[in-house]
Amino acid sequence: MSHQLDKAYDPKKYESKLYQKWEDSGAFKPEGNAHLRGLVGDEMQGDAEQRNKAYTDVLRMSSTGNDEAARSEKDPFTIIMPPPNANGHIHMGTAMFVIEDLMIRYRRMQGHKTLWLPGMDHAGIETQVVYERELEKQGKSRFDLGRDEFYRQVDAFTKSNMGIMTSELKSMGFSTDWSRLTYTLDPKVVSTVYDTFKELHDAGYIYRGNRIVNWCPFCRSAFADIEVKYREQVDPLYYIKYGPFVLATVRPETKFGDTAIAVNPKDERYARLIGTTIEAEDLNGPITLQVIGDDHIDPAFGTGAMKVTPAHDPNDWEIGLRHNLRVIQTIGTDGLLTPVAGKYAGMPVAEARTQVAHDLEERGLMDHIEYDYTHSVGYHDRCGTLIEPLTVEQWWLRVDELKKPAIKAFETGEIQIVPARFKKVCMDWLENLRDWNISRQNWWGIRIPVYYNATADKSLPEYIIGTEDDAKATYGIGGYEAETDNFDTWFSSGQWPYATLMATGDFDAQSGRPGFYPTSVMETGRDILFQWVTRMVMLGIFKTGQVPFKTVYLHGLITDEHGKKMSKSKGNVLNPLEMTAKYGTDAVRLALTIGITAGNDGPLSERKIEGYRNFCNKLWNVARFILGQLPDGYSPATPELHSPADHWIASRTAIAITSVTQAIEDYRFSEAGQIVYSLLWDDFADWYIEASKVSPNHDLLVHTLETILALAHPIAPFVTEAIWSEMPWRADQQLITSAWPIVDTRRTSNEQAQRFAALQDVVMKARTVIAEEQLSKPTLITTDKSLAESADLLQRLGRLGKVEYQEQGSGLYLGAAVPAWIAADAELIATRKHRLQGQLKAKQTYAKSLEGKLNNQGFVANAPAAVVADTRDRLAEARQQATRLSEQLKALGE
RNA sequence: GGGCAAUUAGCUCAGUUGGUUAGAGCGCUUCGUUUACACCGAAGAUGUCGGGGGUUCGAGUCCCUCAUUGCCCACCA
């Protein structure tokens, strides 16, 4: 016995140690993983000798030193990590980076120069909201601190979180290059964002405008349309009197900003009033309103006439633009009514609404009220505050031209989306995209680099884009005012792929090192497809002239086991750190990979994780058994295939290598995982290892184990590396930088493999009879000489007694792939009679359906020859077995 | 209102361009400690693949239609 592993795999004993070793060895760096032969990945080409050489190199894996030449032929493979928000702990969504790690580890093993660049997001408004909640617990608000102090505290908060986050990401086994960790507020990133802003401005895509925006009175900031989430609710619908009109509104408090009454021009009731002005009695005295005709008005809604408040409703704003209406701001950025509201000035909106409605009723200006009006109302996505549409001066990005090449990139397939169904969704979204408000009035973020002219000299530019020094140079000391708005977080994170690479010096190829842009894959959540992915494409193409990534892989939401969203209030949240502590990191990684497909939500449960913990332990124990079998000082040689079982497992392994590789290439990670799972458990452990107990082939056992370790490594890096590290001949080498397995079919005999498959069939059928009849070590009889030769194997696998070769079979016919019987007396055969009849009937029905197929001229003529031939073979076999069964029944007096 | 997806075993889900008698994990029943593993092994039961129609030699897979569920987008005076 050369080596003894622990009885069960203990993740804690290995994980942090192995991670440290990986990182210290430089394996996570693109420069550091270049020590494989660049032969993998071309497995289907090249002459057999070459392939075999590569194969055995892989098997014995004498670390061959650097082979830069071979490696440089392969494209770099790059993933930029979607930067997690540095405002808390990782969650199952963050843990989904396992998909990225899987791709990175796979490409690394294939010999690509892989770069997985980690990042952290200051996450503007989101972090601000998180921190304000912290302040609230201390009974404070950000206004108590003031802008500068608040910024300092949030800065310290995110920086300390970054440390926590980093160690949590490391604990997940993510093989990112930490030396390139980039933060969204790194000066180099910010400077790229500033450059882009200036370039966009100079190209005419940036403008400043006083327009209607989605205003959050809590955040005291404007937000983009996409950051507003609508909720359905029931409110009163007030029918108020305006001179000759009765108008329906849910917002009577905005009436002080009404500048027109709109009707549909086709509405005969009002058509003659269009173009006139009306005098109306109002709460603050008489007012004058013009009557306009606009197609937007639905004559069937309410009274068919609508009050137009351009300052506080997006549709009214549009109508206002069409008719040149005055814009009267009635609600301020503080959420209180402005002085134009007269005696209502200073009231919060909700209070003003009640008061105005009350006063209107009192003054006889209320026609009636509908109390159960259902409509949807916008709330701020992040803080949940009711959105108040109002007008403010903001910086806007003109998107008409910018979006065109982005749409084209999706359309032509230059950017692939996995799953493909999101291609059209992206294109449609971009088609309908309107100018993007990139100003935010929050305190935590990247300040827009604009300085305004504060001098009396109007010949100077109104504003400049640049640094404070630029401002001094232009306006003189004290002659300027800095913009206080920040960028929308998505404006800066929309530049993430190139901003990061530019910051780390990996954007362009430089002497001796490759460029990593465009990146290979952007893997992220489906929920931020619009907010983030489309913006990265738009800005990436503008700034670099190239798409930022070639493939977008989207994952869905991780839900509980019944597909319900995880939430604290439901109490169904699974914490990745708790789960990894309990079951090992690999178990969580496997659970997040297998059974979850691209673009779809994936259910997760503790039970599922437990199942994959068992898988890890199974793998461990397979290794434990094999290592325990090996003689002292064993060193593996190229395996020779001797027995049918050897050929069988070699062929199973070859099929698995091909299909796992293809599955990963096609982004079918769940399937890749399942294939490895089944190869290990169903084929290797359940059959080959059991068979090997009869006649062990050490080299093949080791080789197959190593192949499985390699195939499983991208998903389950720890347990595979742990086992690898326990193999004495691998002492100086890590699995993480070993080569991805390639197929060697040169010496595999299909015929031999088939012989083992036939034996398996006999074994399974024999086991069934033994279990059903509770037999103990019965004798197996066969008319097949080669099966009889495998007596010891049959005895072991099938729990059989003797195995006898006979010219003529007798006993209970098994109906297996090769003729075999379980020796039985007449009594036993009689008790099996009904089962035999059932078997016969099933065989006959099956044969009949195959006959029907083959008698069908259409089938024979149209189906591929292989399918027809296959059908004939199956028919012949079914007939033969049916004959044997009916003979046996006949012998029983049937 | 527009769009996308899902509907397959008790549960959660696979099923790649149509081609063996439809699979997996978990759960369930029975048996079992044999050179690793009870975080194990063996055997077993459970499916008119949501309904209906069509195309095809052949449909879980393609088309139409209906139903149910979920998600996205838009609108809502």
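Note: hydrogens, waters and symmetry copies are ignored here, and every other heavy atom, side chains too, is used. Letters A, B, ... are given to chains in the order of the sequence lines, protein chains preceding strands, and every chain is numbered from 1.
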Check whether any side-chain N or O of A:His562 sits under 4.0 Å from OP1 or OP2 of B:U12, and answer yes or no. yes
Under 4.0 angstrom, heavy atoms only, what part of the nucleic acid is A:Ser849 near: base, sugar-phosphate, or nothing? nothing
Is A:Val250 touching bases, backbone alone, or none of the nucleic acid, heavy atoms closer than 4.0 Å? sugar-phosphate
If you look at every strand shown and take non-hydrogen atoms under 4.0 Å, does A:Leu237 touch a base, only sugar-phosphate, or nothing? sugar-phosphate
Are A:Trp620 and A:Phe625, when compared by the centres of their aromatic rings, separated by less than 6.0 Å? no
If you go through the side-chain atoms of A:Glu690, does one of them form a donor-acceptor pair with the base of B:A42 closer than 3.5 Å? no
Which sits closer to the 5' end of RNA chain B, A:Ala842 or A:Ala771, going by the nucleotide each is nearest to? A:Ala842
Can you check the distance between B:U30 and B:U35, where both ends of the measurement are the C1' atom (answer in whole Å)? 27 Å
Has the side chain of A:Arg607 got a donor or acceptor atom sitting under 3.5 Å from an opposite partner on the base of B:C26? no
Could you walk me through whether A:Lys582 and A:Glu606 pass salt bridge (Lys or Arg N to Asp or Glu O under 4.0 Å), step by step? CA-CA 10 Å; A:Lys582 198 162 168 191; A:Glu606 190 160 347; 2.5 Å; yes
Interatomic distance at C1', B:U61 relative to B:G15, whole Å: 9 Å
What interatomic distance, in whole Å, is found between P of B:G18 and the corresponding atom of B:G27? 37 Å
Just by distance, with hydrogens left out, do A:Gln629 and A:Tyr634 show a side-chain donor and acceptor under 3.5 Å apart? no
Taking the P atom of each, how far is B:G23 from B:U46, in whole Å? 13 Å
Spell out yes or no: do the side chain of A:Lys693 and the base of B:A36 have one donor N/O and one acceptor N/O closer than 3.5 Å? yes
